Amino acid sequence: AGQQAGIPQRHVYLFPCPTCGSAGDQISALKNYLNSCSAFNGKVWLDIEGSQYWLGDSSSNRAWYQNLVDACKSNFNCGVYSSYYQWQGIMGSTDYAYGSNLPLWYAHYDGDADFNDYTPFGNWAKPWAKQYEGDATLCSFGVDKNYVPNI
């Protein structure tokens, strides 16, 4: 639908499940699925949220996340989707910086389409995009609103 509507870049989120298996297996499953979907042509966004879905301690979370980033980078053009507080809760610190060479799409539902609120974390000096409103309705569709100045 996105391709037919003329949307030039069509990205996907991967909401990983660290308790469901290896990071490599999850990336492989995504790759197999996307290979059958000619509409995908963008980034795979690693959705790093929900500490309740992770492994319970920051060192295990970090190790699993590093495997996820490495597997993703081997197969796709990747980015990280997270927020300051989600990152802190999962990684144990806002200073943890693995994957900071990937673009960051951060979430902060303040209703403002700008980066004026950005508080650095994970060694990202500046973000690539911001999700500033969730669960909005646009033309009778449920959407999340994002600010992406670089496209």
Side-chain angles (χ1 to χ4, degrees), residues 2-3 7-35 37 39-136 142-151:
Q3 185 176 13
I7 297 172
Q9 293 183 1
R10 295 166 306 277
H11 306 261
V12 298
Y13 283 101
L14 172 64
F15 194 87
C17 180
T19 62
C20 299
S22 77
D25 287 348
Q26 291 180 42
I27 292 293
S28 291
L30 179 64
K31 183 177 182 179
N32 290 339
Y33 177 79
L34 291 176
N35 282 341
C37 176
F40 170 73
N41 70 350
K43 289 179 178 44
V44 170
W45 291 95
L46 304 174
D47 193 341
I48 310 303
E49 299 181 284
S51 59
Q52 69 272 28
Y53 304 114
W54 283 73
L55 299 172
D57 69 271
S58 60
S59 61
S60 296
N61 290 345
R62 289 176 180 194
W64 199 92
Y65 167 77
Q66 287 176 216
N67 289 333
L68 180 68
V69 168
D70 293 345
C72 190
K73 286 171 51 176
S74 303
N75 291 278
F76 299 107
N77 184 6
C78 304
V80 174
Y81 175 88
S82 194
S83 71
Y84 181 94
Y85 293 107
Q86 292 291 332
W87 191 260
Q88 183 177 45
I90 293 167
M91 302 304 170
S93 168
T94 57
D95 293 333
Y96 177 68
Y98 197 85
S100 63
N101 59 326
L102 303 175
L104 173 67
W105 187 339
Y106 77 106
H108 184 214
Y109 291 175
D110 63 355
D112 295 328
D114 59 40
F115 294 149
N116 294 338
D117 63 311
Y118 180 66
T119 300
F121 65 96
N123 203 37
W124 284 285
K126 65 178 191 165
W128 183 85
K130 173 188 175 181
Q131 191 164 94
Y132 64 91
E133 186 177 341
D135 301 323
V143 299
D144 293 333
K145 293 185 177 180
N146 298 285
Y147 172 67
V148 188
N150 300 319
I151 290 184

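For the numbers below, each heavy atom of this structure counts, side chains included, while hydrogens, waters and symmetry mates do not. Fair warning: this is a prediction, and the values are worked out from it, not measured in the lab.
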Residues passing the ring pair (Phe, Tyr, Trp, His ring centres under 6.0 Å) test with Tyr85, sequence neighbours excluded, are none
Side chain to side chain contact (heavy atoms under 4.5 Å, CB included) partners for Ala71, two or more places apart: Ile27
For Ala63, which residues count as a side chain to side chain contact (heavy atoms under 4.5 Å, CB included) partner, sequence neighbours excluded? none
Would a line drawn from the ring center of Trp87 to the ring center of Tyr84 be shorter than 6.0 Å? no
So, does Asn146 use its side chain to make a donor-acceptor pair with the main chain of Tyr132 at under 3.5 Å? no
Mark yes or no for whether Asn41, through its side chain, and Arg10, through its backbone, hold a donor-acceptor pair below 3.5 Å. yes
By side-chain hydrogen bond (donor to acceptor under 3.5 Å, both in side chains) - contacts of Glu133 (at least two apart): none
When the ring planes of Tyr65 and Trp54 are compared, do they come out parallel, tilted or perpendicular, using 30° and 60° as the limits? tilted
Qualifying residues under side-chain hydrogen bond (donor to acceptor under 3.5 Å, both in side chains), relative to Tyr118, sequence neighbours excluded: none
Could you tell me whether the side chain of Asp110 and the main chain of Asp112 form a donor-acceptor pair under 3.5 Å? yes
Gln86: which residues meet the side chain to side chain contact (heavy atoms under 4.5 Å, CB included) condition with it, sequence neighbours left out? Glu49, Ser82, Ser83, Ile90
Please identify each residue that fulfils salt bridge (Lys or Arg N to Asp or Glu O under 4.0 Å) with Asp117, with sequence neighbours left out. Lys130
Say you draw a straight line from OH of Tyr147 to OH of Tyr106; how long is it, rounded to the nearest 0.5 Å? 9.0 Å
Is it true that, when you exclude Tyr13 itself, more than 12 heavy atoms of the residues, nucleotides or ligands shown sit nearer than 6.0 Å to its OH? yes
Who are the side chain to side chain contact (heavy atoms under 4.5 Å, CB included) partners of Ser22, not counting sequence neighbours? Asp25
For residues 50-79, which residue pairs qualify under salt bridge (Lys or Arg N to Asp or Glu O under 4.0 Å), counting only residues two or more places apart or in two chains? none
Please name all residues satisfying side-chain hydrogen bond (donor to acceptor under 3.5 Å, both in side chains) with Asn75, sequence neighbours left out, ordered by chain then number. Lys31
Is the charged tip of Lys43 near the ring of Trp128: under 6.0 Å from the six-membered ring centre and within 45° of its axis? yes
Per the disulfide bond (SG atoms under 2.5 Å apart) rule, what does the pair list look like for residues 84-122, sequence neighbours excluded? none
So, taking the atom named CH2 in Trp124 and the one named OG1 in Thr119, what distance separates them when rounded to the nearest 0.5 Å? 14.0 Å
Atom OH of Tyr53: over 12 foreign heavy atoms under 6.0 Å: no
If you measure from CD on Gln88 to OG on Ser58, what distance do you get to the nearest 0.5 Å? 11.0 Å
Is it the case that the side chain of Asn61 and the backbone of Leu55 share a donor-acceptor pair, with hydrogens and angles ignored and the cut-off at 3.5 Å? yes
Leu68 versus Ile48: any side-chain heavy-atom pair under 4.5 Å? yes
All side-chain hydrogen bond (donor to acceptor under 3.5 Å, both in side chains) counterparts of Tyr96, not counting sequence neighbours: Gln66
